[in-house]
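Have a look at the structure below before the remarks.
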Protein chains: 2
Amino acid sequence: MDNWLQKRTQLTPQRLALSFHEQTWTFQDLQQQVNGLCATLQSRLSKHGRVAILGNNTPKLYFGILALHQLGEPIVCLNKHLTAPELQYQIADAQVQTILTTQKFLPQLQAVANVKQLIALDQLKWQPQANWPAQPTELDALASIMYTSGTTGRPKGVCQSYRNHWTSALGAELNLPVTESDCWICAVPLYHISGLSIVMRSLLYGMPVRLYEHFDPQAINQDLVHGRGTIISVVPYMLKKLLAKKHEPYDNHFSYMLLGGGAIDQATLDQCDHHQIPVIQSYGMTETASQVVALNPADAQRKLGSVGKPLFPVSLKIANTKQSNQIGEILLKGDNLTPGYLNQPQRLTEKTTATGWFRTGDLGYVDDEGFLYVKSRLAELIISGGENIYPHEIEQLLNQLPGVQESAVVGKTDATWGSIPVAFLVTDQSYSLTKVQKFLMDKLAKYKFPKELHLVNHLPKTANGKLQRVELVKWLETNE
Amino acid sequence: MDNWLQKRTQLTPQRLALSFHEQTWTFQDLQQQVNGLCATLQSRLSKHGRVAILGNNTPKLYFGILALHQLGEPIVCLNKHLTAPELQYQIADAQVQTILTTQKFLPQLQAVANVKQLIALDQLKWQPQANWPAQPTELDALASIMYTSGTTGRPKGVCQSYRNHWTSALGAELNLPVTESDCWICAVPLYHISGLSIVMRSLLYGMPVRLYEHFDPQAINQDLVHGRGTIISVVPYMLKKLLAKKHEPYDNHFSYMLLGGGAIDQATLDQCDHHQIPVIQSYGMTETASQVVALNPADAQRKLGSVGKPLFPVSLKIANTKQSNQIGEILLKGDNLTPGYLNQPQRLTEKTTATGWFRTGDLGYVDDEGFLYVKSRLAELIISGGENIYPHEIEQLLNQLPGVQESAVVGKTDATWGSIPVAFLVTDQSYSLTKVQKFLMDKLAKYKFPKELHLVNHLPKTANGKLQRVELVKWLETNE
């Protein structure tokens, strides 16, 4: 296939491609910037090592991503929140030779032992130029590598091919078409699949992206009010913040919010309805190159708690079940599924069934109408006396209690029951143990009752803000 | 991938899928009809022979197409205008065992020597049923076979894979998104790629199709006026008829006409502008599974004579040229290109360059902005009312007639049909017009019949003895 940026520029050169504060670039402007950057970068890139990106969502990082694509280089996406040892591991694992970044991150990166070459894109000078002999886009070539932590072991580099991105973008388009009047606000990180998938969609759909360096709810609300953006990717935290800061109705052209990274609660959903904000709840992961299951706004109230139906190119089934409504592991198949983990081919084999289905490690069920409900991560399943306990279910209850800010439930080894559920709570002054017990009493089967409650100041989390249950399990083991 | 109809039904069961006169079917209704038909057909289909369809655009033929897909059977698309000898050849070539048709065509088909089983869908009884174990859609499997004649020899069966149809539909969607409020009018034959591609788009987009048994400009205009259709595929002949019969403005939701099968003239384009009818002119062929190049309405006046730019998944170049505006053979690459010709693998090899580009046989150039202009059909194809006519096929027959020493067939511009076939004959005394007509009658589909016969002393040729068709075309133009 032709190089995607070049193809898009040939098709719609004058269409808006990118905006950032008051600056704008058409696809032709973008192409010229990227061509110029390619010319400057080419001689500096080694043929022996990979190239990574690390930084905030800035136009220069955006150009950098497209320049790497045009140079035929897979993009290693590094999380800016990582510590030096975490970065060191990923740089070694992905054989990164060069990191494209900005001045701001130089001190942090210079402290990492195995960094070979740092290029601060905001210090680099280049001239926009009309032509560049771009590499064609080979659909099965490696486009990007993103690390996921998983629940155990070292982070794994998830390989994403261009076919993964292509299938993902087209699956989304078949679900809810993006039209010429749409503009996608990108305030999620470009180094996450949530952000990178917006860049890919922009090229394929010919759609402008409004880029945000940081999540700024006031400014974004203003954009949505004045029609400077019509679609936005959010996680629950962002959605709530936008609602809290919203004082004016959004523009008539406002289309929807695409919600990933967790379920939405009834109160928030009601608020969205009240404000006439369509929300597409979705399910996906780095291994699936963005959303694979989506719940359209029309079904949101009727199917509360569901993440929707699998997109057109995606096949989904629940392992070892023959009827709807039975819980089992969620299995996926389709061209948006990763071809594998970097340097760990056995990992994908482990995660794939004999007939080629990808094991997500998540538990869920599909109702009679084909809507998926994600019940819990298989990796977190607590089996106590033969009964399955899903931490999420208990946490949701605990979080409703006055005085409880956050909670986490994990399994603790138990001589009698195999494992017992144990809760960690971040609380404030209004917390009372009696209330907890009273509250849970009639809501939870006894075997699901947390057998211990630990009050803590904060919960252990990864740089991405993902709860590290394994740390809590470790703490329990060493503090007996 | 999941079976397309089943997937679509799971996603949007209640959405309108098909309408015909006053009858309508949701995707769920359609699914149940198709399931029932599958159950009835399965035992009747041989495992050794292929299944063909032949008939008018009726709902039952529509069900038949989808049932074959669901049974994992490639669909051999037979043109209802073909004569017995023409059908006999294609049936033998494609090893057709069974033909799905309707009562109306039984006499015509019973006269074909090698027909083994005829099933009249309008005589067949079946019960709609909820479930059927459909075959998954393997993207690289053979979906359909359509015959084209080409310049030399016998008609060739063009193989179309599901990947061809998938890529074609998505390329069109990336060009001009079809939204939930659209409905596509299908008055072009289902056995042509123009019609079959509408069926495929319907499944992939979740879009209703309004089916017409015959092209009925008054009724279609009424549909467009009252919003019962928003998009329609037309050939120039149909577009002109619609304009001629149009007395009221089309509904606000009217989207566009997709024009294939030949260029549009300035006067017609002006009329479309006057009536605010957006027209997408396009270029494509059976081998490319519908349009590969499209001219959007916004560029239509500025780029008169162009067929537009290659769709996103399609790569296009002009052979042996280095600059824009130079004429050469149009070469194509992309996943919508046929994997080959049935029983004639060498034919595709002949048509493909060393680097994998498909040689269309058409001459054209690309201007500075990337717009394609088709200058001439290298293969001298005559397109008459949307049907492809290959002069060679007619000439071969004419040359068999006693009294005919040589013949040449060319297209003559025609206000109604776009082009009509006209024959030039070099004859001797034994020639008789009556014999010609009698001879051709049962051998040649009516649309291929030469509408004029010119007796000449010799045919214009180059020094090498190569026929100069262009001289005959010029003669026709100056002798009207």
Side-chain angles (χ1 to χ4, degrees), chain A residues 1-4 6-15 28 136-137 139 163 166-167 169-182 201 203-207 255 293-294 296 298-299 308-317 324 333-336 355-356 366 368-372, chain B residues 1-4 6-15 28 136-137 139 163 166-167 169-182 201 203-207 255 293-294 296 298-299 308-317 324 333-336 355-356 366 368-372:
Chain A
M1 203 181 279
D2 295 337
N3 174 276
W4 289 355
Q6 294 212 336
K7 180 71 179 185
R8 174 48 59 197
T9 304
Q10 279 158 13
L11 287 173
T12 55
Q14 299 310 324
R15 211 183 269 180
Q28 188 165 283
T137 303
L139 283 181
R163 192 183 298 283
W166 168 258
T167 309
L170 293 182
E173 177 75 357
L174 288 179
N175 182 38
L176 277 179
V178 167
T179 67
E180 267 193 57
S181 60
D182 282 314
R201 287 183 205 120
L203 299 179
L204 297 175
Y205 305 166
M207 169 192 80
S255 294
V293 179
N296 291 349
D299 297 312
K309 293 182 181 181
L311 298 183
F312 204 100
V314 178
S315 301
L316 183 148
K317 68 176 183 184
S324 49
K333 213 181 216 178
D335 276 349
N336 35 4
T355 50
V366 171
D368 298 331
E369 292 182 67
F371 288 86
L372 175 70
Chain B
M1 202 180 279
D2 295 334
N3 172 277
W4 289 357
Q6 294 213 334
K7 180 72 177 180
R8 172 48 59 197
T9 303
Q10 278 156 15
L11 287 173
T12 55
Q14 298 312 323
R15 211 183 269 180
Q28 188 164 284
T137 303
L139 283 181
R163 190 182 300 283
W166 168 257
T167 308
L170 293 182
E173 178 72 359
L174 288 178
N175 181 40
L176 276 181
V178 167
T179 68
E180 268 192 57
S181 60
D182 281 314
R201 286 183 205 118
L203 299 179
L204 297 175
Y205 305 166
M207 171 192 77
S255 295
V293 179
N296 292 348
D299 297 313
K309 293 181 180 180
L311 298 183
F312 204 100
V314 178
S315 302
L316 183 148
K317 68 177 184 181
S324 48
K333 214 183 218 177
D335 275 348
N336 35 2
T355 52
V366 171
D368 298 331
E369 292 181 68
F371 288 86
L372 174 69

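In what follows, every chain begins at residue 1, and chains take the letters A, B, ... in the order their sequences are listed.
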Leading residue by heavy atom contact count with chain B [cutoff under 4.5 Å; candidates N296(A), L204(A), T179(A), D335(A)]: L204(A)
Heavy-atom pairs under 4.5 Å with chain A: which of L170(B), T137(B), L11(B) has the most? L11(B)
Examine whether an atom of L203(B) lies under 4.5 Å from a heavy atom of chain A, and if so say whether it belongs to the side chain, the backbone or both; otherwise answer neither. backbone
Is it the side chain or the backbone of P310(B) that comes within 4.5 Å of chain A heavy atoms, both, or neither? both
How close do P177(A) and D182(A) get, heavy atom to heavy atom, and via which atoms? O-OD2, 4.3 Å
Where is the tightest heavy-atom contact between A169(A) and Y205(A), given as atom of each residue plus distance? O-OH, 2.5 Å
For the candidates L311(A), L174(A), V178(A), which exhibits the highest count of non-hydrogen atom pairs separated by less than 4.5 Å from chain B? L174(A)
Which portion of W166(B) sits near chain A, non-hydrogen atoms under 4.5 angstrom: side chain
Is V366(A) close to F371(A) at the side-chain level, that is, under 4.5 Å between some pair of heavy atoms? no
Under a 4.5 Å cutoff for heavy-atom pairs, which residue among G206(B), G334(B), S315(B), G370(B) has the most contacts with chain A? S315(B)
Relative to chain B, which segment of L139(A) carries a heavy atom at a distance below 4.5 Å: side chain, backbone, both, or neither? side chain
After noting the C-alpha distance and the side-chain angles of V314(B) and V293(B), does the key distance pass the side chain to side chain contact (heavy atoms under 4.5 Å, CB included) rule? CA-CA 8 Å; V314(B) 178; V293(B) 179; 5.6 Å; no
So which part of N175(B) gets closer than 4.5 Å to some heavy atom of chain A, the side chain, the backbone, both or neither? neither
Do F312(B) and R8(A) have side-chain heavy atoms sitting under 4.5 Å apart? yes
Evaluate whether atom CD of E180(A) has more than 12 neighbouring non-hydrogen atoms of other residues, nucleotides or ligands under 6.0 angstrom away. no
For Q10(A), which atoms come within 4.5 Å of any heavy atom of chain B: side chain, backbone, both, or neither? backbone
So CE of M1(A) and NZ of K333(B): to nearest 0.5 Å the spacing works out to 12.0 Å
